[in-house]
J.: 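Quick one: the structure is below, questions incoming.
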Amino acid sequence: MKKLALKTLSRPWPAVLLIFGAGVAGSFQLGKASLALAQVKAELGLSLATVSWLVSAFAVVGAVAGVPVGLFADRLGARRMAVGGLVLMGGGSLPAALAPDAASLLAMRVVEGLGFVGVVVAGPALIDAAAPTAIRQRAMALWATFMPFGMTLILLASPLLDLIAWRGFWLLNTALLFLYAAILALSPLPPTPRPERFRPILRDMLDTAVSPGPWTLAGLFGSMSAAYFAMFGLLPMYFSERFGLTNEMAGLVAAAAIAASGFGNLACGQLLARGFGPMRLLFAGFTGIAVCGVGIFGPFSPLPLAFALCILFSFASGLIPVVIFDSAPRLSPRPDLLGVTIGFGMQGSNLGLLAGPPLAGGVAAAFGWSAIAVLIVGIALAAALVVALFHKLERKEAVLRVGSMQPAAEAESKAG
């Protein structure tokens with residue numbers, strides 16, 4: 001019986017789906033705070049500025065902890081890091097459900113945020129080990145959808161919030177996290193690369209910091225995230241003020257547009273598997289972001305066009321994370337530094353999340369809503385420089401890969 005279970009779970013797609021589920025469970029912890037803000041604010045008597053940190057705490061932790069968590073993931077192993085991340089989120093969620101005040105609740109959100117970074121850093125490494133080459137790009141595309149998929153599911157669970165209140169909702173998520181951690185710990189997954197002898201942490205950090213690959217991935221992720229949240233962070237307010245939509249309707253329009261990014265993730269995986277080059281997909285993603293940003297915030301765009309362009313903007317942005325996750329194993333300084341390489345990308349993403357909305361808000365306040373289009377185009381143009389560096393590194397890596405294969409081919413020819 002044990003052998004049968006091992007054989008079943010060692011098949012690629014069940015293993016990939018299991019890993020994907022860990023990311024979805026983690027994204028619930030981000031979404032549950034957004035969903036419960038009103039109840040937490042009313043019960044604890046908090047200001048809007050204070051309660052908004054329940055969401056922002058995740059971004060702050062990711063912006064400073066991605067690389068250190070990645071280093072630990074490379075040493076502990078990706079599966080242990082993913083399981084530990086789920087347990088850490090559960091360990092933060094449980095006391096948060098009982099928190100008497102804002103300080104203790106925010107402290108536990110920081111703990112949850114650390115666990116979330118652990119899961120997100122470990123996930124691509126686990127998938128890289130579990131998925132053979134034939135399906136790896138589609139598997140990475142599926143992984144990239146964990147955030148929109150999880151956020152959509154948690155929004156659909158909003159009726160539960162009215163039944164069990166926010167504290168009950170936190171406890172329900174706690175039980176889910178501990179249960180999934182146990183399932184992931186007991187399931188046989190392929191091992192991820194780990195060195196036989198660890199180098200000093202400072203040496204690993206230096207090896208990663210002097211390598212252009214991690215910085216390039218961080219720049220791509222940061223640019224995409226800054227443009228994405230510059231637009232979607234203020235979109236409900238923009239639709240309300242410009243087109244006269246109610247807050248509820250503006251929120252639904254924004255949610256529908258955000259969901260399109262998941263379709264962009266999946267489409268990118270299919271295109272990569274069919275031979276489309278990552279450079280072309282990055283170019284399409286950032287070009288779509290720039291063009292759609294101009295149309296969305298253009299002064300003469302009617303509501304139907306603005307909404308359609310929001311869908312296209314979200315879809316185009318969904319192409320970029322898949323290319324990043326897919327190329328991370330190739331641009332990592334060494335196979336055993338994949339975790340810290342992805343940690344660099346995560347820090348870039350979270351820095352973009354932190355910078356995008358305030359930049360957009362400041363620009364809109366000073367120059368009007370249409371100025372956000374200029375900001376988005378500027379971010380896309382800056383990203384073009386990073387894309388050029390990415391292309392150069394990919395070509396160099398391809399040459400090295402072909403060169404390493406030639407001696408083996410010559411030896412095989414001589415043996416024949």
J.: Does the Asn265 side chain pair with the main chain of Gly318, one donor and one acceptor, at a distance under 3.5 Å?
T.: yes
J.: After noting the C-alpha distance and the side-chain angles of Tyr238 and Phe297, does the key distance pass the ring pair (Phe, Tyr, Trp, His ring centres under 6.0 Å) rule?
T.: CA-CA 9 Å; Tyr238 171 66; Phe297 293 101; 4.7 Å; yes
J.: Could you check whether Trp143 and Phe20 have their ring centres less than 6.0 Å apart?
T.: no
J.: Out of curiosity, Ile296 CD1 to Ser370 OG, how far, rounded to the nearest 0.5 Å?
T.: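 Those atoms lie 12.0 Å apart.
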J.: Return the set of residues passing side-chain hydrogen bond (donor to acceptor under 3.5 Å, both in side chains) with Ser327 (not counting sequence neighbours), or none when no residue passes.
T.: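 Not a single residue meets the side-chain hydrogen bond (donor to acceptor under 3.5 Å, both in side chains) criterion with Ser327.
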J.: Please examine the side chains of Pro124 and Leu338, heavy atoms only from C-beta on, and report whether any two atoms are closer than 4.5 Å.
T.: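 No; the side chains remain at least 4.5 Å from each other.
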J.: Answer yes or no: is there a donor N or O on one side and an acceptor on the other, between the side chain of Ser225 and the main chain of Ser349, under 3.5 Å?
T.: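 Yes.
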J.: Measure from the side-chain N and O atoms of Asp101 to the backbone N and O of Ser104, and report whether any donor-acceptor pair falls under 3.5 Å.
T.: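 Yes, because the side chain of Asp101 sits within donor-acceptor range (under 3.5 Å) of the backbone of Ser104.
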J.: Under 3.5 Å, is there a donor-acceptor pair between the side chain of Ser301 and the main chain of Gly295?
T.: yes
J.: In Å, rounded to the nearest 0.5 Å, how long is the span from CG of Leu86 to CE of Met89?
T.: 4.5 Å
J.: Contact between Leu331 and Leu217 at the side-chain level, heavy atoms closer than 4.5 Å - yes or no?
T.: yes
J.: Out of curiosity, Ile379 CD1 to Leu359 CG, how far, rounded to the nearest 0.5 Å?
T.: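 Answer rounded to 0.5 Å: 6.5 Å.
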J.: Give, for atom CG of Leu184 and atom CD1 of Ile19, the distance between the pair rounded to the nearest 0.5 Å.
T.: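 One finds 7.5 Å between CG of Leu184 and CD1 of Ile19.
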J.: Is the shortest heavy-atom distance from the side chain of Arg280 to the side chain of Phe276 under 4.5 Å?
T.: yes
J.: Leu319 versus Met224: any side-chain heavy-atom pair under 4.5 Å?
T.: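 The answer is no, as the side chains (C-beta and beyond) never meet within the 4.5 Å cut-off.
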J.: Mind checking side-chain hydrogen bond (donor to acceptor under 3.5 Å, both in side chains) for Asp326 and listing every partner two or more places apart, or none if nothing turns up?
T.: Arg330
J.: Counting neighbours of CZ on Phe283 that are heavy atoms of other residues, nucleotides or ligands and sit closer than 6.0 Å, is the number greater than 12?
T.: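 No - once you tally the heavy atoms of other residues, nucleotides and ligands closer than 6.0 Å, there are 12 at most.
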J.: Can you name the residues that form a salt bridge (Lys or Arg N to Asp or Glu O under 4.0 Å) with Arg167, not counting sequence neighbours?
T.: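 Salt bridge (Lys or Arg N to Asp or Glu O under 4.0 Å) check on Arg167 returns Glu43.
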J.: Taking atom OG1 of Thr174 and atom CD of Gln29, what is their separation to the nearest 0.5 Å?
T.: 7.5 Å
J.: Taking the side chain as everything from C-beta on, heavy atoms only, tell me whether Tyr180 gets closer than 4.5 Å to Leu18.
T.: yes
J.: Would you check if the side chain of Ser317 reaches a backbone N or O of Ser314 as a donor-acceptor pair within less than 3.5 Å?
T.: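 Between the backbone of Ser314 and the side chain of Ser317 there is a qualifying donor-acceptor contact (under 3.5 Å).
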J.: Can you check whether Phe221 reaches Phe325 side chain to side chain, under 4.5 Å on heavy atoms?
T.: yes
J.: Any sub-3.5 Å donor-acceptor pair from Ser187's side-chain atoms to Ile183's backbone N or O?
T.: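 Side chain of Ser187 to backbone of Ile183, a donor-acceptor pair under 3.5 Å: yes, one is there.
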